[in-house]
Student: 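My questions all concern the structure below.
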Amino acid sequence: MAPELKLSYFAWVRERVGKSDETLNPPADVRTIADLIAWLSSRGEEYAYAFDNPTVIRAAMDRKHVKQDSAIEGAREIAFFPPMTGG
Amino acid sequence: MAPELKLSYFAWVRERVGKSDETLNPPADVRTIADLIAWLSSRGEEYAYAFDNPTVIRAAMDRKHVKQDSAIEGAREIAFFPPMTGG
Amino acid sequence: MVDGGADANRIKVQIQHEDFDAAAEVAALTKGRLDVGAVVTFTGLCRDEGAKLTALELEHYPGMAEDEIARVAAEAENRWSLLGGVAIHRYGKIAPGENIVLVVIASSHRAAAFAAAEFMMDYLKTRAPFWKKEHLADGGAGDWVEARDADDHAADRWRKA
Amino acid sequence: MVDGGADANRIKVQIQHEDFDAAAEVAALTKGRLDVGAVVTFTGLCRDEGAKLTALELEHYPGMAEDEIARVAAEAENRWSLLGGVAIHRYGKIAPGENIVLVVIASSHRAAAFAAAEFMMDYLKTRAPFWKKEHLADGGAGDWVEARDADDHAADRWRKA
C-alpha cells in the first residue's frame with residue numbers, strides 16, 4: 001500500500017483546487033514533485049486548472065522549499081503555492 | 001585695511017589653540033585656506049601645535065566644507081577642525 | 001555591560017494576527033545593554049494603492065512561516081555580528097496604514113545592522129510563505145498580489161556578496 | 001490618501017541636546033497616510049566600549065551642523081522617491097545606552113527607504129560637524145574619538161552608485 005501523503009494548497013492554488021488540504025496515496029511511479037503535479041493534474045479539471053502553468057508553482061516538502069525535481073520519498077506533507085508575496 | 005575674519009576652532013584644534021573663536025585680519029597675501037593655516041602656524045606655539053599636521057585638518061568657509069586650496073576671499077567665517085566623528 | 005547570554009543575541013521570530021509595537025520591541029532589545037551601538041528597524045505597512053484597496057488579506061502557511069523566517073534569521077546571525085533582533089509578520093486582514101511586518105536588528109556597528117535588516121526583508125519577501133490578496137474599494141473581488149521580479153533580484157544580490 | 005503637500009515629504013532636521021522619541025517621530029511621519037509602505041529607522045547609541053567609558057561628549061558646530069545634515073537630506077530626497085523623514089543628532093554629554101542619532105525614512109517601497117537611511121547615516125558620519133570625546137571610567141582624561149577609514153569608505157560607496 002502506498003504511504004499516505006498530506007497535500008496542502010495555498011492562495012490561488014487553494015482556490016483553484018477548491019480545498020486547503022487533503023490526504024492522498026499517490027501511485028509508486030510518482031517519484032518527484034513534478035511527477036506529483038502531473039498526477040494531480042490528471043485527477044480532475046480543478047487540478048488541471050491549478051497546475052495549468054507548472055513553472056510558476058512553488059512546492060514545500062515537510063515545510064521546506066524544494067525544487068520540482070526533488071524526490072518525494074519519505075515526505076509526510078507536500079504543499080503547493082504561487083510565488084510568495086509577504087513582507 | 002584687511003577685512004575682519006572670524007575664525008572658529010573645534011575639538012582638539014580648539015583645545016590646542018586654546019580658544020573656540022577669534023577675529024583676525026590676515027594680511028592680503030593670505031589667499032587660500034592653506035595660506036591661512038601657514039600664517040596662523042607662524043603666530044605662536046599653540047597654533048603651530050594645532051596645525052602640526054595640516055593634512056588632517058578640515059576647514060569650513062561660511063559653514064560649508066572647503067578644500068585647503070580654496071580661496072578665502074569674501075569669507076566671513078572660517079572654521080578648522082579634525083575629521084568628523086558624529087553619527 | 002549586561003550579558004544576557006547567547007540567546008539574548010538571537011533573532012526572535014513571531015507570526016501573529018495582532019499588531020506589534022515596534023518601540024516596545026526596540027526597547028526590549030536594548031534594555032540594560034551598553035554594547036549596542038546601532039539599531040535598524042524596518043516596518044512594512046499596507047498601502048491603499050491610490051485609494052484602490054480597502055484591505056489586504058494575508059494568507060500564510062502556519063508552521064512553515066515561522067520555520068522559514070527562523071532559517072532566514074539564522075542565516076543573518078551567521079553572516080553578521082549581531083546583538084539581537086526581532087522579526088514579526090502579521091497575517092489575516094490588514095487595512096491600509098496598518099503594520100504588516102517588522103524587522104529590528106541590533107548590533108555594535110551600523111553597517112552590520114543595516115545589512116542584516118535589509119537581508120532579512122529581501123529573503124523574507126521571497127521565501128516566507130505568505131500571500132496577499134487585495135480587497136477592492138469598489139467592492140469587486142481583488143486579485144492575488146503578483147510576485148515582483150525586483151524582489152527576486154533583491155534577494156539574489158546577497159548570493160554574490 | 002492624506003496629502004500633506006510637498007513639505008510633508010521633506011526630511012526634517014533637528015540638532016538638540018535632549019533625547020528623542022523614535023516612536024513618536026515614526027508615528028508623526030506615517031499618521032493618516034495610506035501611501036507609506038516602508039519605514040526604516042536607524043538609531044545610533046552610545047556604547048561603553050567594554051566598560052571603558054562613562055560618557056561621550058559630543059561637540060558640534062552650531063549652524064553648520066543643521067546646514068550640513070540638511071544638505072545630506074536634500075541629496076537623499078533628490079536620489080530616492082521618499083515620503084518623508086527625520087534626522088535628529090544630539091550634542092553634549094551622552095551616557096552609554098543613551099541615544100545619539102536618529103534617522104527615519106518613509107517611502108512607498110523598502111529599497112528606497114533602506115538606501116536613503118543608510119546613505120544619510122554614511123554621509124552624516126563623514127560630513128556633519130560633530131566630534132566625540134571620551135570620558136573614561138577610570139577618571140582619566142579621554143581621547144577624541146578618531147575618524148574611521150571604514151566610514152570614509154562607506155560614504156564613498158554612494159559616489160559609484
Side-chain angles (χ1 to χ4, degrees), chain A residues 4-24 32-34 36-37 40 45-87, chain C residues 13 15 42-47 56-72 74 87-92 94 99-103 117-134 141-152 154-155:
Chain A
E4 286 206 331
L5 183 65
K6 181 181 175 188
L7 296 172
S8 300
Y9 310 107
F10 294 95
W12 56 254
V13 176
R14 171 182 55 71
E15 289 181 338
R16 291 181 179 189
V17 171
K19 57 185 94 171
S20 43
D21 59 85
E22 63 187 324
T23 301
L24 293 175
T32 65
I33 297 287
L36 187 57
I37 288 174
L40 286 167
E45 273 184 13
E46 68 276 33
Y47 295 99
Y49 179 40
F51 297 109
D52 194 12
N53 179 4
T55 59
V56 303
I57 299 291
R58 307 298 174 93
M61 200 165 90
D62 296 330
R63 300 179 174 178
K64 284 185 180 168
H65 292 292
V66 288
K67 299 203 165 156
Q68 292 196 10
D69 61 3
S70 301
I72 65 168
E73 194 180 351
R76 283 161 300 163
E77 180 180 353
I78 289 174
F80 291 106
F81 41 79
M84 287 138 288
T85 55
Chain C
V13 175
I15 312 294
F42 176 86
T43 310
L45 300 102
C46 179
R47 284 175 281 125
L56 285 174
E57 182 91 35
L58 274 104
E59 181 169 334
H60 77 301
Y61 184 174
M64 182 171 169
E66 288 85 340
D67 289 356
E68 196 59 34
I69 296 180
R71 281 190 279 270
V72 172
I88 302 177
H89 204 304
R90 296 181 65 196
Y91 59 82
I94 295 179
N99 292 319
I100 296 176
V101 62
L102 175 72
V103 167
E118 196 166 10
F119 169 88
M120 289 277 298
M121 281 307 306
D122 286 348
Y123 262 56
L124 191 153
K125 275 257 173 192
T126 55
R127 298 190 59 86
F130 286 85
W131 302 271
K132 293 187 183 116
K133 189 170 194 172
E134 300 177 339
D143 290 325
W144 290 93
V145 172
E146 284 208 48
R148 297 165 65 227
D149 283 347
D151 289 328
D152 286 330

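In what follows, every chain begins at residue 1, and chains take the letters A, B, ... in the order their sequences are listed. In this text the structure is predicted, and so the values were computed from the model without any measurement.
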Student: I need the residue from Val145(C), Asp151(C), Asp152(C) with the largest number of non-hydrogen atom pairs under 4.5 Å to chain A.
Tutor: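 Most heavy-atom pairs under 4.5 Å with chain A: Val145(C).
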Student: Could you list all the side chain to side chain donor-acceptor pair (under 3.5 Å) pairs where at least one residue sits in residues 55-68 of chain A, not counting sequence neighbours?
Tutor: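 Counting only pairs at least two positions apart or across chains, the side chain to side chain donor-acceptor pair (under 3.5 Å) contacts touching residues 55-68 of chain A are Asn53(A)-Thr55(A).
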Student: Taking atom CD of Glu146(C) as the centre, does the number of heavy atoms from other residues, nucleotides or ligands within less than 6.0 Å exceed 12?
Tutor: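 Not more than 12 within 6.0 Å, no.
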Student: Partners of Glu57(C) by side-chain hydrogen bond (donor to acceptor under 3.5 Å, both in side chains), sequence neighbours excluded?
Tutor: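 In terms of side-chain hydrogen bond (donor to acceptor under 3.5 Å, both in side chains), with neighbours along the sequence ignored, Glu57(C) is linked to His135(C).
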Student: Pairing donors with acceptors under 3.5 angstrom, does anything connect the side chains of Tyr123(C) and Glu68(C)?
Tutor: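 No, no side-chain donor-acceptor pair sits under 3.5 Å.
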Student: Counting only heavy atoms closer than 4.5 Å, note whether Lys133(C) contacts chain A via side chain, backbone, both or neither.
Tutor: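 Only the side chain of Lys133(C) comes within 4.5 Å of chain A.
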Student: Chain A heavy atoms under 4.5 Å from Arg127(C): which part of the residue, side chain, backbone, both or neither?
Tutor: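 For Arg127(C), heavy atoms of backbone and side chain both lie under 4.5 Å from chain A.
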Student: Tell me the residues of residues 71-79 of chain A whose non-hydrogen atoms fall below 4.5 Å from those of chain C, in number order.
Tutor: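 Listed by number, the contacting residues are Glu77(A), Ala79(A).
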Student: Quick check: do Ile88(C) and Asn99(C) have side-chain heavy atoms less than 4.5 Å from each other?
Tutor: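 They are not in contact (no side-chain heavy atoms under 4.5 Å apart), so the answer is no.
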Student: Taking C-beta and beyond as the side chain, do Phe42(C) and Leu124(C) meet within less than 4.5 Å on heavy atoms?
Tutor: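 No, their side chains stay 4.5 Å or more apart.
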Student: Only counting residues at least two apart or in another chain, list the ones meeting ring-ring contact (aromatic ring centres under 6.0 Å, His included) with Phe130(C).
Tutor: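 Partners of Phe130(C) under the ring-ring contact (aromatic ring centres under 6.0 Å, His included) test: His60(C), His89(C).
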